[in-house]
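Ligands are counted one by one from 1 in listed order, and the atoms in each one are counted from 1 as well. Because the structure is predicted, anything quoted here is derived from the model rather than measured.
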Amino acid sequence: MNIILLGPPGAGKGTQAQRLVVQRAMVQLSTGDMLRAAVKAGTPVGLKAKAVMDAGELVSDEIVSGIIGEALDQLPPETGVIFDGYPRTAAQAESLDALLAARGRHLDHVVELEVDEDALVDRITGRFTCASCGEGYHDRYKRPSVEGVCDRCGGTEFKRRPDDNEETVRTRMAEYRAKTAPILPIYEARGIVSRVDGMADIDGVSEAIESVLEHQV
Ligand code: AP5
Ligand code: MG
């Protein structure tokens, strides 16, 4: 099964994708995570992307569709994929169809996480992740069970994203409204969109997504 998790910054795409990876043995392809890795490694893509990401704007369609194509090529054909943060523009939605078709795959479902924008700044400014394994946390909504120790890998170093400040979040939200939300009708016309209440607690959102996906098979 190949699915898209769609929603604005802080909607919970990464949090829920990580759970699907564990529960359904799917692979998460997060363009944001892949771009941050490229920035960290100082690759040509990373050098181009850094300033754009720090400003909260969108990296070019060619770059992100290129990295998605390369990532798909690394996967065995039967592996289910969760697209997290991709596609984000009409051109990317078109590229995704072509990338999937060229690999004998197709898109099964789009899960839209519906959230109240006011909550997003709070979610994003409270977010941190394990520096070793990338597990996501939040200052109030999801603290490690043992303070300062990652639940998943036992790591003791955590980090915050440079674009997780209020000003950049506002730009990211504006980009979402202007360029990403308008792609939903493409998928609605295919009858493959389900809406999930992203304001429920993390377990509640997971249960709602699971119930949507159960009805897909
Ligand atoms: P990206 O990394 O995709 O960022 P984003 O879309 O802004 O989304 P976030 O990762 O901020 O939010 P999320 O929905 O994953 O939330 P999370 O689960 O972490 O993109 C970053 C940048 O890269 C872009 O701005 C752009 O420059 C570039 N880029 C990436 N993809 C691109 C593309 N396709 N095209 C062009 N440019 C691209 O949750 C947030 C916090 O809330 C966490 O702390 C979590 O613990 C907490 N939380 C989650 N769910 C809940 C809940 N239900 N209740 C309470 N707290 C919760
Ligand atoms: Mg994310």
Side-chain angles (χ1 to χ4, degrees), residues 4-21 28-39 45-46 48-69 71 82-93 95-96 99 111-117 119-130 134-144 151 158-181 183 196-209:
I4 296 173
L5 287 184
L6 196 74
K13 303 180 295 293
T15 302
Q16 297 301 332
Q18 285 184 351
R19 291 190 162 205
L20 290 170
V21 166
Q28 171 190 15
L29 293 186
S30 158
T31 39
D33 288 349
M34 292 189 269
L35 289 167
R36 280 184 287 279
V39 169
V45 162
K48 276 191 205 154
K50 185 175 185 329
V52 181
M53 293 174 77
D54 285 348
E57 291 163 6
L58 293 186
V59 173
S60 79
D61 293 333
E62 292 69 26
I63 288 183
V64 290
S65 293
I67 60 177
I68 285 286
I82 310 146
F83 294 98
D84 159 8
Y86 179 90
R88 264 172 146 98
T89 63
Q92 290 178 27
S95 297
L96 178 59
L99 289 168
V111 177
E112 184 196 4
L113 296 171
E114 284 191 305
V115 279
D116 171 0
E117 272 205 12
L120 299 180
V121 172
D122 176 50
R123 280 197 192 174
I124 286 177
T125 51
R127 168 170 54 191
F128 58 99
T129 54
C130 171
E135 180 74 6
Y137 294 97
H138 191 278
D139 290 329
R140 284 190 307 289
Y141 309 126
K142 190 192 161 195
R143 298 202 62 87
D151 294 343
F158 297 87
K159 59 182 184 182
R160 291 183 191 256
R161 278 170 44 179
D163 61 342
D164 278 354
N165 56 77
E166 182 160 353
E167 193 194 341
T168 309
V169 170
R170 300 272 176 213
T171 308
R172 284 156 59 194
M173 282 179 190
E175 289 280 78
Y176 181 82
R177 274 194 301 270
K179 297 173 186 163
T180 308
I183 70 176
V196 161
D197 176 14
M199 294 308 294
D201 63 21
I202 295 175
D203 287 342
V205 177
S206 299
E207 280 160 26
I209 293 175

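Those atoms of ligand 1 with a heavy atom of Glu57 less than 4.0 angstrom away are 25 (O), 26 (C), 27 (O). Atoms of ligand 1 lying under 4.0 Å from at least one heavy atom of Pro9, given by number and element, are 5 (P), 7 (O), 8 (O), 12 (O). Numbered from 1 in the order shown, with element, the atoms of ligand 1 that lie under 4.0 Å from a heavy atom of Gly198 read 53 (N). Each of the following atoms of ligand 1 lies closer than 4.0 Å to a heavy atom of Gly32: 1 (P), 2 (O), 20 (O), 30 (C), 31 (N). In summary, the atoms of ligand 1 found under 4.0 Å from a heavy atom of Ile202, numbered by their order in the structure, are 50 (N), 51 (C), 52 (C), 53 (N), 54 (N), 57 (C). Heavy-atom contacts of Gly14 reach the following atoms of ligand 1: 13 (P), 15 (O), 18 (O) (cutoff under 4.0 Å). The atoms of ligand 1 that sit less than 4.0 Å from any heavy atom of Thr31 are 30 (C), 31 (N), 32 (C), 33 (C), 34 (N).
The protein heavy-atom contact nearest to atom 44 (O) of ligand 1 is Tyr137 O, 2.8 Å. Residue, atom and distance of the protein heavy atom nearest to atom 32 (C) of ligand 1 are Arg88 CD, 3.4 Å. At the top of the distance list for atom 10 (O) of ligand 1, counting protein heavy atoms only, stands Arg161 NH1, 2.9 Å. Of the protein's non-hydrogen atoms, Tyr141 CD1, 3.3 Å is the one closest to atom 56 (N) of ligand 1. Scanning the protein heavy atoms around atom 48 (N) of ligand 1, the nearest turns out to be Arg123 CD, 3.9 Å. Nearest protein heavy-atom neighbour of atom 53 (N) of ligand 1: Ala200 O, 2.9 Å. Counting protein heavy atoms only, atom 37 (N) of ligand 1 is closest to Val59 N, 3.0 Å. Counting only heavy atoms of the protein, atom 23 (O) of ligand 1 lies nearest to Met53 CE, 3.3 Å.
Put simply, the residue from Leu99, Asp61, Ile4 that forms a side chain to side chain contact (heavy atoms under 4.5 Å, CB included) with Pro87 is Ile4. Here the rule is side chain to side chain donor-acceptor pair (under 3.5 Å) with Tyr86, and of Ser30, Ser65, Ser95 only Ser65 fits it.
Here Lys159 does not pair with Asp164 in a salt bridge; the nearest charged N to carboxylate O distance is not below 4.0 Å.
Of all the heavy atoms of Met199, none lies under 4.0 Å from any atom of ligand 1, so neither backbone nor side chain is involved.
Within 6.0 Å of the NZ atom in Lys48, the count of heavy atoms belonging to other residues, nucleotides or ligands does not exceed 12.
Between Gly10 and ligand 1, an N or O atom pair is found at a separation short of 3.5 Å. The shortest N or O to N or O distance between Ala11 and ligand 1 is under 3.5 Å. On a distance-only criterion, Lys13 and ligand 1 share at least one N/O pair closer than 3.5 Å. Considering backbone and side-chain atoms together, Lys142 places no N or O closer than 3.5 Å to any N or O of ligand 1.
The shortest separation from a heavy atom of Gly126 to ligand 1 is not under 4.0 Å, leaving the residue out of contact. Gln18 does not count as a contact of ligand 1, since none of its heavy atoms falls under 4.0 Å from the ligand. Contact analysis leaves Ala49 out of contact with ligand 1, as no non-hydrogen atom separation drops below 4.0 angstrom.
Considering each of His138, Arg19, Gln92, Arg172, the one bringing a non-hydrogen atom nearest atom 7 (O) of ligand 1 is Arg172. Taking each of Arg36, Met34, Arg127 in turn, the one with a heavy atom nearest to atom 19 (O) of ligand 1 proves to be Arg127.
Listed by first then second residue, pairs satisfying side-chain hydrogen bond (donor to acceptor under 3.5 Å, both in side chains) with a partner in residues 4-18 read Gln16-Ser206, not counting sequence neighbours.
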